[in-house]
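Treat the numbers as computed from the prediction; the structure is a model and nothing was measured. Per chain, numbering begins at 1; letters A, B, ... match sequence-line order. In what follows, every heavy atom counts, from backbone to side chain, and hydrogens, waters and symmetry copies are set aside.
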Amino acid sequence: MSSNHLYLVDGSGYIFRAYHRLPPLTNRHGTPAGAVFGFTTMLWKLVDELHKTDGPTHLAVILDASSKTFRNEMYDQYKAHRPPPPEDLVPQFPLIRDAVRAFSVPCIEELGLEADDIIACYSEAAMAAGWKVTIVSSDKDLMQLIRPGLDLLDTMNNRRLGREHVLEKFGVEPEQLGDVLALMGDSVDNVPGVPGIGPKTASQLIQQFGDLATVLASTDAITKPKLKQSLIDHADNARLSRELVRLKCDQALPEPLDDLALKGLPPEPLRAFLEDMGFKSLLAKVGGTSTGGPTVLALAPTGQEAPPPPPKLDAVPFSHKDYEAVVDEDALDRWIAEGFKCGRIAVDTETDSTDPVRARLVGVSLATAPGKACYIPLAHIGDGLLSETPRQIAKATAIAKLKPLLEDPSILKIGQNMKYDMVVLAREGIAIAPYDDTMLLSYDLDAGLGGHGMDDLAQRHLDHACIEFKTVCGTGKAQITFDKVTLERATEYAAEDADVTLRLWQTLKGRLAREGATRVYELVDRPLVPVLARMEQAGIKVDREELARLSAEFAGEAARLEGEIHQEAGGPFTVGSPKQLGDVLFDRMGLKGGRKGKSGVYSTDVNELERLAGEGVTIARMVLDWRQLTKLRSTYTEALQGQINPATGRVHTCFSMAVAQTGRLSSTDPNLQNIPIRTEMGRRIRDAFVAEPGKVILSADYSQIELRLAAHMADVPALKEAFAKGDDIHSLTAQEVFGEVTRDTRARAKTINFSILYGISAFGLANRLEVPRAEAQAMIERYFARFPGINHYIAATLAEVREKGFVTTLFGRKTHLPWIRSSKQGERQSAERQAINAPIQGTSADIIKRAMLRMEPALAAAGLADVRMLLQVHDELVFELAPDQVEAASVVIRDVMAGACEPYVTLSVPLGVEIGTGPSWGAAH
DNA sequence: TGGTTCACG
DNA sequence: GACGTACGTGAACCAG
């Protein structure tokens with residue numbers, strides 16, 4: 001029999017109680033912190049008091065990740081009347097998570113589940129393992145879980161609540177409580193129940209009949225006529241209510257039970273947290289402050305203007321010689337112990353490749369405080385000439401020692417672009433968690449204000465120039481891999497990375513709540529990291545022989561065309577040189593209408609050549625065809641063959657999370673987000689992306705998501721109605737703008753619809769449609785007249801960006817547009833168009849990211865855990881799965897994608913999802 | 001390295 | 001009256 005005793009703290013209950021018990025207070029940074037203080041005090045008291053008794057062996061704090069959950073899918077009115085949390089409480093949630101972490105206690109939350117459900121899951125698992133369980137809460141819903149070995153602890157009056165309490169309060173056994181709660185309903189959570197039935201009657205009915213089903217089936221036996229009729233009329237509501245109050249206890253545990261083991265109270269991280277928050281009275285308890293300050297609460301009442309946070313100047317200079325090379329186990333143990341003591345640690349990996357799927361781990365660097373960093377070489381070899389293989393800890397030994405630290409749920413790991421380290425460490429059997437990513441912190445705070453690479457950030461925030469990689473490893477042909485760098489040099493470079501990362505975290509993390517970026521960071525971008533890491537590791541199979549065949553075919557055809565082009569031009573020249581081509585066309589051949597750009601070369605782009613081809617210039621058409629063939633060959637059929645990973649036989653792209661200004665992902669090495677599809681020849685390349693034998697490819701894409709979002713965000717009744725009915729939106733636009741729907745007007749209408757998303761100008765539209773400018777102007781005016789809301793959206797967005805300097809998506813993601821205040825008209829207008837487009841493109845990006853986050857759990861819950869998500873192409877997700885999984889997976893994928901906004905945002909248009917399958921990506925469209 | 005072109009959403 | 005002219009990406013190629 002195990003003597004383990006798990007305590008589960010209902011964090012949400014704690015938070016609200018703390019908030020309402022204390023006056024509004026702010027901390028030394030000027031952020032509201034009353035609830036943080038109350039929560040910290042209560043948690044302290046709990047841990048302290050439990051310590052004196054035969055307290056817990058395991059402890060976790062459970063929080064609600066989102067305000068709405070699966071219950072809203074059952075009943076859209078669930079908790080609908082609950083007001084949003086008070087404005088000054090919202091920024092305190094992340095600080096409260098920090099508080100829990102400072103206590104070295106795991107903090108658990110899960111999208112789509114309420115804290116109550118997570119508590120039920122852990123209770124179930126712990127009881128099954130023979131543990132005792134105590135839930136720290138006095139919530140009546142949680143009383144359903146009471147049974148021998150499980151009780152509730154009400155910390156308000158230090159009471160243990162067991163079976164007797166339920167019997168006394170509700171007159172039934174805990175197992176029957178759910179039925180009572182269903183009948184009586186809950187006005188706060190908006191659980192309907194049965195009208196006219198309160199706690200008394202509900203309890204009496206369940207006592208009399210035993211359970212809800214019997215009550216509903218036995219209305220004949222009920223004598224009171226009103227009660228009887230109400231039960232008959234609202235039986236469905238009662239059944240729905242039963243499901244709403246039922247706790248979900250069959251979900252996978254976010255953290256294994258064993259990871260909740262209590263470790264006592266390491267004073268260091270706690271001290272750091274309390275000092276940062278300015279909680280002096282608590283600081284005194286933890287062992288006195290350095291200043292020995294007063295033990296009164298050092299918080300200022302709100303009311304007066306909060307002072308701006310003091311600029312954090314790093315007092316600690318960068319000193320590369322102070323970094324430590326860790327080459328023996330004792331030293332490593334010391335660093336790991338330091339990590340546990342601090343409660344957070346910056347981590348960086350060094351490898352021999354920029355491609356994380358190919359990269360072999362060469363070393364790991366750690367930092368625990370500014371200036372305090374080390375490098376642990378693991379696979380360094382000499383340069384083969386002068387230096388020999390240096391002394392270092394055996395890789396397996398070091399990995400085994402680092403793993404518990406890197407996976408400990410109470411220790412925060414801090415990295416810069418954690419996805420890379422995750423992919424590399426996954427192959428060493430390490431799954432980093434929990435983590436923060438300074439690159440993503442910067443992206444979610446400062447998108448549009450500059451790069452988010454470490455060098456950019458160090459320069460911008462720390463006024464520090466990092467050691468450049470090329471000064472360590474060289475460039476070009478002379479470049480060496482990191483395992484050949486001398487230990488001394490490697491330590492300076494690698495430890496600096498960890499040091500810089502830690503300092504950046506200290507600068508950026510606090511801004512998150514103050515600047516309203518917490519939600520998008522914690523609930524979208526940060527959790528997406530491991531999802532993308534798995535997609536990159538999965539890769540996609542390409543048929544090398546097919547690519548080679550296409551390559552040869554394209555090459556032959558291009559060579560033939562090149563000969564004809566030379567003949568037509570009257571002599572050989574480099575067709576691929578825009579400069580030479582321009583000279584040949586407009587000077588040597590004397591064609592008319594050549595336009596020169598800034599750099600003095602004739603434009604020979606597709607528009608210009610199409611114009612000439614339309615005028616009957618045969619060489620223009622030939623050049624266009626030649627360009628297409630050579631483009632397809634060099635960029636796709638040739639390059640792609642070289643990108644196949646020899647170990648996996650697949651192509652592993654790298655998704656960049658912090659490049660696009662709008663929140664989109666981008667894809668590199670190779671870019672799999674621009675594989676051809678629009679032309680027949682190009683589409684054949686997509687056919688070379690295949691499923692492995694016995695599997696098929698499934699492609700699911702949002703149909704016209706950006707137009708739908710525009711209809712919602714600009715609130716355009718006609719467009720919303722059309723989407724709701726499933727009408728063809730371009731035909732509708734054609735009807736409204738041109739008065740008739742033909743092939744031609746529909747095509748023009750499509751262009752107009754796109755131009756709206758991109759920030760329209762009459763000149764630009766005139767160019768696209770090849771009509772006079774005045775005509776384009778008239779179309780725009782007609783569009784605005786027919787679809788009121790669009791011009792209002794544009795005006796409101798521009799007013800907002802001019803005032804704030806940024807625009808936001810429906811999910812709160814910011815894009816900063818500093819050029820909006822430029823003195824140059826061109827720059828300003830460009831920023832205006834970006835401002836109109838960014839909320840729409842960015843919301844679309846948020847939505848598909850949310851779908852990706854939920855996809856794996858949803859598939860797993862449907863018994864489809866081995867369906868693999870491979871690619872994201874902005875509005876499309878690509879999967880690989882067994883043919884007999886297609887039917888079930890399609891349902892899950894469609895549901896997850898179509899419902900990805902919920903619960904935070906409810907759109908006024910439906911999101912359409914189109915799904916196709918086939919042996920190749922091309923065939924799946 | 002910068003400019004041009006073109007593949008995708 | 002002039003200005004500059006569709007949003008977001010990445011990669012290959014030429015030429016200086």
Counting heavy atoms from C-beta on, name the nucleotide in [options] closest to the side chain of [X].
X: T668(A); options: dG9(B), dG10(C), dT5(C); answer: dG10(C)
X: N674(A); options: dA7(B), dG16(C), dC14(C); answer: dA7(B)
X: T662(A); options: dC7(C), dG8(C), dA7(B); answer: dG8(C)
X: V606(A); options: dA12(C), dC6(B), dA6(C); answer: dC6(B)
X: I677(A); options: dA11(C), dA6(C), dG9(B); answer: dG9(B)
X: Y758(A); options: dA6(C), dT5(C), dC6(B); answer: dA6(C)
X: P578(A); options: dA15(C), dC6(B), dT4(B); answer: dT4(B)
X: V659(A); options: dA6(C), dT9(C), dC8(B); answer: dT9(C)
X: P676(A); options: dA6(C), dA7(B), dT5(C); answer: dA7(B)
X: R686(A); options: dA15(C), dT5(C), dC8(B); answer: dC8(B)

Checklist entry - Hey, does the side chain of H712(A) reach the backbone of L907(A) with a donor-acceptor pair shorter than 3.5 angstrom? => result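 Pair absent, no side-chain N/O of H712(A) close to backbone of L907(A).
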Next on the checklist: Check whether D605(A) reaches the backbone of E608(A) with its side chain - one donor and one acceptor, N or O, closer than 3.5 Å.
Outcome noted: yes
Base, sugar-phosphate, or nothing for [X], non-hydrogen atoms under 4.0 angstrom?
X: R683(A); answer: nothing
X: T815(A); answer: nothing
X: Q628(A); answer: sugar-phosphate
X: S844(A); answer: nothing
X: Q829(A); answer: base
X: A639(A); answer: sugar-phosphate

Ignoring backbone atoms, test whether [X] places a side-chain nitrogen or oxygen under 4.0 Å from the OP1 or OP2 oxygen of [N].
X: R768(A); N: dA6(C); result: no
X: S666(A); N: dG10(C); result: yes
X: Q834(A); N: dG8(C); result: yes
X: T604(A); N: dT5(B); result: yes
X: R664(A); N: dG8(C); result: no
X: S577(A); N: dA15(C); result: yes

How close or far is atom [atom2] of [N] from atom [atom1] of [X], stated in whole angstroms?
X: D669(A); N: dA7(B); atom1: CG; atom2: P; answer: 21 Å
X: R633(A); N: dA11(C); atom1: CZ; atom2: C1'; answer: 15 Å
X: L609(A); N: dT5(B); atom1: CG; atom2: P; answer: 9 Å
X: R828(A); N: dA6(C); atom1: CZ; atom2: P; answer: 17 Å
X: I675(A); N: dC6(B); atom1: CD1; atom2: P; answer: 18 Å
X: I840(A); N: dG9(B); atom1: CD1; atom2: C1'; answer: 14 Å
X: I705(A); N: dG8(C); atom1: CD1; atom2: C1'; answer: 15 Å
X: I685(A); N: dC8(B); atom1: CD1; atom2: C1'; answer: 12 Å

Next on the checklist: Does any part of the side chain of W921(A), heavy atoms only, come nearer than 4.5 Å to the side chain of L871(A), both counted from C-beta?
Outcome noted: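 Heavy-atom side-chain distance check passes, below 4.5 Å.
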Checklist entry - Given side chains that start at C-beta, do those of F806(A) and V801(A) come closer than 4.5 Å, heavy atoms only? => result no
Item to check | Upstream residue (5' side of DNA chain C) when Y636(A) and T574(A) are each assigned their closest nucleotide | outcome: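 Going by which nucleotide is closer to the 5' end, it is Y636(A).
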Checklist entry - Where each residue is assigned the nucleotide of DNA chain C containing its nearest heavy atom, which of G826(A) and R833(A) is assigned the position nearer the 5′ end? => result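 The residue whose closest nucleotide sits nearer the 5' end is G826(A).
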Checklist entry - For the residue pair A831(A) and I820(A), what are the closest heavy atoms and their distance? => result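 Looking at all heavy atoms of both residues, the closest pair is CB-N, 3.6 Å.
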Next on the checklist: Tell me the closest heavy-atom pair linking L709(A) and I840(A), and the distance in Å.
Outcome noted: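 L709(A) and I840(A) have their closest heavy atoms at CD1-O, 3.8 Å.
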If I pick the [atom1] atom on [M] and the same atom on [N], what distance separates them, to the nearest angstrom?
N: dT5(B); M: dC3(C); atom1: C1'; result: 26 Å
N: dA7(B); M: dA2(C); atom1: P; result: 37 Å
N: dG4(C); M: dC8(B); atom1: C1'; result: 26 Å

Checklist entry - Name the one of E553(A), E557(A), E638(A) that satisfies salt bridge (charged side-chain N to carboxylate O under 4.0 Å, His left out) with R633(A)? => result E638(A)
Can you say whether a donor on the side chain of [X] sits under 3.5 Å from an acceptor on the base of [N], or the other way round?
X: R678(A); N: dG9(B); value: yes
X: Q673(A); N: dC8(B); value: no
X: K631(A); N: dC6(B); value: yes

Item to check | Aromatic plane relationship, Y443(A) with H452(A) - under 30° parallel, 30 to 60° tilted, over 60° perpendicular | outcome: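 Rings of H452(A) and Y443(A): perpendicular, over 60°.
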Checklist entry - Should dA7(B) form a Watson-Crick or G-U wobble pair with both distances under 3.5 Å, which nucleotide is its partner? => result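 By the stated definition (distances under 3.5 Å), dT9(C) pairs with dA7(B).
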